[in-house]
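Input: a single structure, listed below in structure tokens.
Values in this document were obtained by computation on a predicted structure and should not be read as measured data.
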Amino acid sequence: MKPTPLGYKGVLVASLILGSWLGLLTFLLAWYEPDWRTPWPYLLVLVQTHLYTGLFITAHDAMHGVVSPHKRFNNAIGTLTAGLFAYNWFPGMLAKHHAHHRHVATPDDPDFHDGEHPGFLRWFGRFAWNYVTVAQVVLMAVTYNGLKYFFPQPNVIAFWMVPAILATLQLFYFGTYLPHRGEHAPENPHKSRSQLRHHAWAFISCYFFGYHYEHHDQPYLPWWRLWQAKELQGR
């Protein structure tokens with residue numbers, strides 16, 4: 001697919017995700033009284049997890065410059081959404097993510113396993129080691145203690161902390177582990193694979209990021225156009 005002018009579409013989509021995440025989180029922390037004997041609070045945890053994932057996907061699109069055509073504004077949105085996702089630092093992640101694209105599935109790929117432990121847990125441990133910093137852990141701890149001073153502690157844990165952890169696992173599983181695990185054909189230049197075409201599941205699972213070959217092949221496409229690229233593949 002050819003790139004098309006972004007206009008304000010990327011900013012609008014980013015604002016929708018950011019506003020939904022913030023609005024639901026505010027409600028869940030300040031007003032919601034969960035009844036854990038019903039399915040509703042568990043469903044809300046999953047919804048908030050999906051919105052957390054959306055924050056990171058927005059930051060990821062900003063790394064490729066496809067949130068806004070204005071570089072400073074694009075990077076500002078990336079910095080904000082990455083920071084809201086467990087205090088990730090956008091400039092540092094930017095360099096590592098582009099290294100992933102340049103050296104995908106090689107020893108120079110910061111997202112890849114160490115070559116000896118390709119299993120999910122070991123790989124995830126290396127992935128976290130490459131990205132999580134001491135500053136993040138300290139800031140998360142400070143924020144947690146601040147939030148529980150103002151809001152019920154169970155709500156803070158269930159709707160602020162747990163969705164961030166689940167979203168991290170979701171992003172790793174659908175955006176790194178499944179696409180890059182195992183062997184890839186020599187003619188596959190991106191050493192990536194895609195999930196089967198099922199747009200509803202692709203959106204729910206990881207904002208179409210499971211269409212990963214298409215992303216590596218056309219990194220100038222925002223997440224909300226990846227389904228179109230997959231459609232052209234016809235599989």
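We find the CG-CD1 distance between Leu22 and Ile17 to be 13.5 Å, quoted to the nearest 0.5 Å. Interatomic distance, Leu171 CG to His60 NE2, rounded to the nearest 0.5 Å: 10.0 Å. Here NZ of Lys96 is found 11.5 Å from CG of Asp109. Values are rounded to the nearest 0.5 Å. Between Phe150 atom CZ and Asn155 atom CG the span is 15.5 Å, to the nearest 0.5 Å. Within the model, atoms NE2 of His103 and NE2 of His98 stand 12.0 Å from one another, a figure rounded to the nearest 0.5 Å. To the nearest 0.5 Å, atom CG of residue Leu12 and atom OH of residue Tyr8 are 12.0 Å apart.
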Would you sort out whether Trp160 and Leu147 count as a side-chain contact (heavy atoms from CB on, under 4.5 Å), showing the intermediate values?
CA-CA 9 Å; Trp160 178 73; Leu147 287 173; 3.7 Å; yes

Quick one, His64 with His97, criterion side chain to side chain donor-acceptor pair (under 3.5 Å). Give me CA distance, side-chain angles, the key distance, then yes/no.
CA-CA 9 Å; His64 290 284; His97 186 66; 3.0 Å; yes

With side-chain contact (heavy atoms from CB on, under 4.5 Å) as the test, would you mind laying out the steps for Met140 and Met161 before giving the verdict?
CA-CA 9 Å; Met140 288 292 285; Met161 183 181 294; 5.7 Å; no

Gln170/Phe56 under side-chain contact (heavy atoms from CB on, under 4.5 Å): CA gap, chis, key distance, verdict
CA-CA 11 Å; Gln170 180 182 6; Phe56 190 89; over 6 Å; no

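Across all their heavy atoms, Pro110 and Ala99 have their closest contact at CD-CB, 4.0 Å. Closest approach of Tyr213 to Ser192, counting heavy atoms only: CD1-O, 3.5 Å.
Residue Val134 shares its hydrophobic cluster (ILVMFWY side chains chained together at separations under 4.5 Å) with Val138, Val142. As a member of the Ile/Leu/Val/Met/Phe/Trp/Tyr network built from side-chain separations under 4.5 Å, Val132 groups with Val137.
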Mind listing the side-chain donor-acceptor pairs of residues 200-212 below 3.5 Å, one per line with the distance, residues two or more places apart or on another chain?
residue: Ser205; atom: OG; partner: Trp201; partner atom: O; Å: 2.8
residue: Ser205; atom: OG; partner: Ala202; partner atom: O; Å: 3.3
residue: Tyr207; atom: OH; partner: His50; partner atom: O; Å: 2.8
residue: Tyr207; atom: OH; partner: His50; partner atom: NE2; Å: 3.4
residue: Tyr211; atom: OH; partner: His198; partner atom: N; Å: 3.0
residue: Tyr211; atom: OH; partner: His199; partner atom: N; Å: 3.4
residue: Tyr211; atom: OH; partner: His199; partner atom: ND1; Å: 2.9
residue: His212; atom: ND1; partner: Phe209; partner atom: O; Å: 3.1
residue: His212; atom: NE2; partner: Gly175; partner atom: O; Å: 3.3
residue: His212; atom: NE2; partner: His180; partner atom: NE2; Å: 3.2
residue: His212; atom: NE2; partner: His216; partner atom: NE2; Å: 3.2

Considering only distance and modelled atom types, tabulate donor-acceptor pairs under 3.5 Å from the side chains of residues 111-120, sequence neighbours left out.
residue: Asp111; atom: OD1; partner: Tyr131; partner atom: OH; Å: 2.4
residue: His113; atom: ND1; partner: Gly115; partner atom: N; Å: 2.8
residue: Asp114; atom: OD1; partner: Glu116; partner atom: N; Å: 2.9
residue: Asp114; atom: OD1; partner: His117; partner atom: N; Å: 2.8
residue: Asp114; atom: OD1; partner: His117; partner atom: ND1; Å: 3.4
residue: Asp114; atom: OD2; partner: His117; partner atom: ND1; Å: 2.8
residue: His117; atom: NE2; partner: Arg122; partner atom: NH1; Å: 2.7

Got a list of side-chain donor-acceptor pairs under 3.5 Å for residues 71-78, not counting sequence neighbours?
residue: Asn74; atom: OD1; partner: Val67; partner atom: N; Å: 3.0
residue: Asn74; atom: OD1; partner: Ser68; partner atom: N; Å: 3.2
residue: Asn74; atom: ND2; partner: Ala62; partner atom: O; Å: 2.8

Could you go through residues 36-44 and list every donor-acceptor pair under 3.5 Å that involves a side-chain atom there, pairing it with any protein atom two or more places apart or in another chain?
residue: Arg37; atom: NE; partner: Asp35; partner atom: OD1; Å: 3.1
residue: Thr38; atom: OG1; partner: Asp35; partner atom: O; Å: 2.8
residue: Tyr42; atom: OH; partner: Trp36; partner atom: O; Å: 3.0

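By the side-chain contact (heavy atoms from CB on, under 4.5 Å) test, Leu139 is found to be paired with Tyr87, residues two or more places apart in sequence or in another chain being considered. Annotation: side-chain hydrogen bond (donor to acceptor under 3.5 Å, both in side chains) contacts of Arg225 (sequence neighbours excluded): Thr4, Gln228. In this structure, the side-chain contact (heavy atoms from CB on, under 4.5 Å) partners of Pro3, at least two apart in sequence or on a different chain, are Tyr220. Under the side-chain hydrogen bond (donor to acceptor under 3.5 Å, both in side chains) criterion, Asp108 pairs with no residue at all, not counting sequence neighbours. With sequence neighbours excluded, no residue satisfies side-chain hydrogen bond (donor to acceptor under 3.5 Å, both in side chains) with Trp123. With sequence neighbours excluded, no residue forms a side-chain hydrogen bond (donor to acceptor under 3.5 Å, both in side chains) with Tyr32.
Asp217 places no side-chain N or O within donor-acceptor distance of the main-chain N or O of His190, the cut-off being under 3.5 Å.
Cluster membership for Phe159 and Leu46, using ILVMFWY side-chain heavy atoms within less than 4.5 angstrom, is not shared. Linking ILVMFWY residues whenever their side-chain heavy atoms come closer than 4.5 Å, directly or via other members, leaves Phe85 and Leu16 in distinct clusters. In the hydrophobic cluster analysis, where Ile, Leu, Val, Met, Phe, Trp and Tyr join through side-chain heavy atoms closer than 4.5 angstrom, Leu51 is grouped together with Trp31. Residues Trp224 and Val11 are members of separate hydrophobic clusters, defined by side-chain heavy-atom contacts under 4.5 angstrom among Ile, Leu, Val, Met, Phe, Trp and Tyr. A continuous path of hydrophobic side-chain contacts links Val156 to Ile165 [ILVMFWY only; heavy atoms under 4.5 Å].
Considering only heavy atoms from C-beta on, Tyr144 comes within 4.5 Å of Ile157 through its side chain. By the 4.5 Å heavy-atom criterion applied to side chains, Gln48 and Val162 are not counted as neighbours. Between His101 and Val104 the shortest side-chain heavy-atom distance does not fall below 4.5 Å. Looking at heavy atoms from C-beta onward, Leu221 lies out of side-chain contact with Glu214 at the 4.5 angstrom threshold. The side-chain heavy atoms of Leu226 and His215, taken from C-beta on, include a pair separated by under 4.5 Å. Looking at Leu18 and Thr58, their side chains never come closer than 4.5 Å, going by heavy atoms from C-beta outward.
By the 30° and 60° cut-offs, the orientation of the rings of Phe172 relative to Phe124 is perpendicular.
Summarising the local packing, NZ of Lys9 is surrounded by 12 or fewer heavy atoms from other residues, nucleotides or ligands at distances under 6.0 Å.
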